[in-house]
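Computed from heavy atoms alone, side chains included, the values below leave out hydrogens, waters and symmetry copies. Residue numbering restarts at 1 for every chain, and letters A, B, ... go by the order of the sequence lines.
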Amino acid sequence: MTMTWSDAVNGSTQKPTRPARPSYVPPHLRNDDGVSSFSNVNSYGFSTESTQYGFRSNRIADRQYGRTGTSRGGGRGRGRGLRRGRHDNAWDSNPNPTFTNQEPFDISEKFDELEVVDDDNNDGGGINFDAYDDIPVEANGSEIPPPVKTFAEIDLGERVNNNIKRCKYVKPTPIQRHAIPIAMAGRDLMACAQTGSGKTAAFCFPIISGVLKNRCSQSNPRFTRTVFPSALILSPTRELAGQIYEEAKKFSFQTGVKIVVAYGGAPISQQFRNLERGVDILVATPGRLVDMIDRGRVSLGMIKHLAIDEADRMLDMGFEPQIRRIVEQMDMPKPGARQTMLFSATFPSEIQRLASDFLSNYIFVAVGRVGSSTDLIVQKIDYIQDMDKRNHLMEILHSQRKNGNCGKLALTLVFVETKKGADALEYILSSNGFPAIAIHGDKVQMERERALKSFKSGTTPILVATDVASRGLDIPHVAHVINFDLPKDIDDYVHRIGRTGRAGKSGLATAFFNDKNMSLAKSLAELMKEANQEVPIWLNQYAERSIGGRGQRYGGNKFSGYDFRSGRSGNEDYYYSSSHGNAADYNLDASTSDVSYPACNETYSAAAAAAAEPYIPGPCGYQESYETIVASGWE
DNA sequence: AAAAAAC
């Protein structure tokens, strides 16, 4: 059998590192406060490790005092040297001044552009943290690192801390409070948290911190063009990959950590060029990643951190083989030799079982109610026959425009079942004076991105989407999610409506229901009831008649948020109660809350009250409801 | 039966 590039790589890692470089120090022998030493540029100089950090930090310090990367690097004559030694990662991991468009400095000047601009208010990047204060949490596993209350308690290093401030994150969201200490301790993690509650940061911070600690551990033989990222983040859609990349770039600003994004539909050559400039963290969709690995341009052999976002989707029937191939059949280190973190808002127990193959002695954390979105989203269900859907939609949109801000339409995301249906609805809406644009997987990537941008900017305040847009996308100011066609799976419903009501803000979700959605009736009714929503009588009647729940596929674990290792069926009480009070605690009674969950304040109460605002069910209930709710969605 | 994900 011939020696493949990956054999070569694996072989090379067993050899001593190259003599000219500081010797490799295995992670367990390293100074634990490697990251914190970043916070003091004067404290280096006694060990190999420290020297390296010192070198890096001095360079970073140079930057901090305002010189441009280009002139600086050129002046020192370092550019070429680094470039020559590009594949030696102890050096490579230093920002390379010759590649100006990878320079943190470059990003520095553009940081404000990178930032998600949230101009609603100044309350911490627009995140209504208080809305999260009283959320119950369940954590399972052995020796669980305790949660933190502030970012300051976590030793992420000064650079990352500065970025947290730049992002105006004043304090961690619940998932961040729990997941970050677990991840920082190097533990494997399965995390289940409500949509829009800060999962991306929860896995990015520890990964960036881990990369900073382990920078010198990579090795890359000069004779290949293979790159060896030390962290991999997988996403189910291209747009989500792009979004995670943008976020991660902000979080790692001026740390020297190199992040590259790779997904299909965009020229691979440019992505290769980005890789050649060095990569610590690779954000990718599965297909393009496999392609790159097959071409020998990326090796997973040095992966220390693996994060899978929307992990339940990534392990469902369509995606599972690809993910298994990447995680189990490439040269990725085995569970235990790498850190694996799986995140999603929903996590059916059946999928948890599959996922546990990837994990080693992991901790399960669930924040918020099981598979729930939030109380901040007002959910409304209308009984509408297929043939009446279009007119009904236009009535809603018309009503929204009438009641909206200066006659402008609030951003409205309309989900349909098929790509064809998305195009058709886009056409119908557009030709009836509603500025709409469609996004789906049959469009070329540029059209997809254009659609998203046009929607985000409000140019076309109606986005007609397939499930390509159902997960993870953070689109500020989506006031209304309309399920024109309901999904088959309650989890997809949760993710779809989660495009609104993000970051603690309120939102509205409307669904068009008819006999074809019968199988969803029971789980939908239960989900709504649990979220304190008004459930139409007719929906309850459908729910009683239907077989409901998840059916056999998920073993009846309807709300898909328990640690499957706990053996709970999901048919019993599905509030988290083990660590935090009981169901009655959740909503408004903060007095019985655990100390670690401070009393809710006015903001939360107001939001919850708005969400609990009763609806007048039936077709005539619209006008009044939209007035209040859509307005509050915009604040 | 549909959507997503490589060229």
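- Annotation: side-chain contact (heavy atoms from CB on, under 4.5 Å) contacts of A/Pro487 (sequence neighbours excluded): A/Asn483, A/Asp492, A/Tyr493, A/Arg496.
- Residue-level contact check: A/Gly441 touches the backbone only, with heavy atoms under 4.0 Å from sugar-phosphate atoms and none from bases.
- A/Asp386 is linked by a salt bridge (Lys or Arg N to Asp or Glu O under 4.0 Å) to A/Lys389, A/Lys516, counting only residues two or more places apart in sequence or in another chain.
- Note on A/Arg448: only backbone sugar-phosphate atoms sit closer than 4.0 angstrom, heavy atoms only; bases stay farther off.
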**Request:** Verify side-chain hydrogen bond (donor to acceptor under 3.5 Å, both in side chains) between A/Tyr383 and A/Asp515, making sure each step is shown before the conclusion.
**Result:** CA-CA 9 Å; A/Tyr383 192 89; A/Asp515 288 12; 2.3 Å; yes
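- Contact annotation: A/Arg313 does not reach the phosphate of B/dA5 (side-chain N/O to OP1 or OP2, under 4.0 Å).
- A sub-4.0 Å separation between OP1 or OP2 of B/dA4 and a side-chain N or O of A/Thr466 is present.
- The closest side-chain heavy-atom distance from A/Asp491 to A/Phe347 is not below 4.5 Å.
- OP1 or OP2 of B/dA5 has not a single side-chain nitrogen or oxygen of A/Arg471 nearer than 4.0 Å.
- For a distance-only test at 3.5 Å, the side chain of A/Glu417 fails to qualify as a donor-acceptor partner of the base of B/dA2.
- The listed nucleotides are B/dA3, B/dA1, B/dA6; the one nearest the side chain of A/Lys488 is B/dA1.
- Of the candidate nucleotides B/dA5, B/dA4, B/dA6, B/dA4 has the atom nearest to the side chain of A/His440.
- Comparing B/dA6, B/dA4, B/dA2 by their closest approach to the side chain of A/Thr285 singles out B/dA6.
- Not one side-chain nitrogen or oxygen of A/Lys420 sits closer than 4.0 Å to the OP1 or OP2 atom of B/dA2.
- Taking every side-chain heavy atom of A/Thr237 into account, B/dA5 is the closest of B/dA5, B/dA3, B/dA6.
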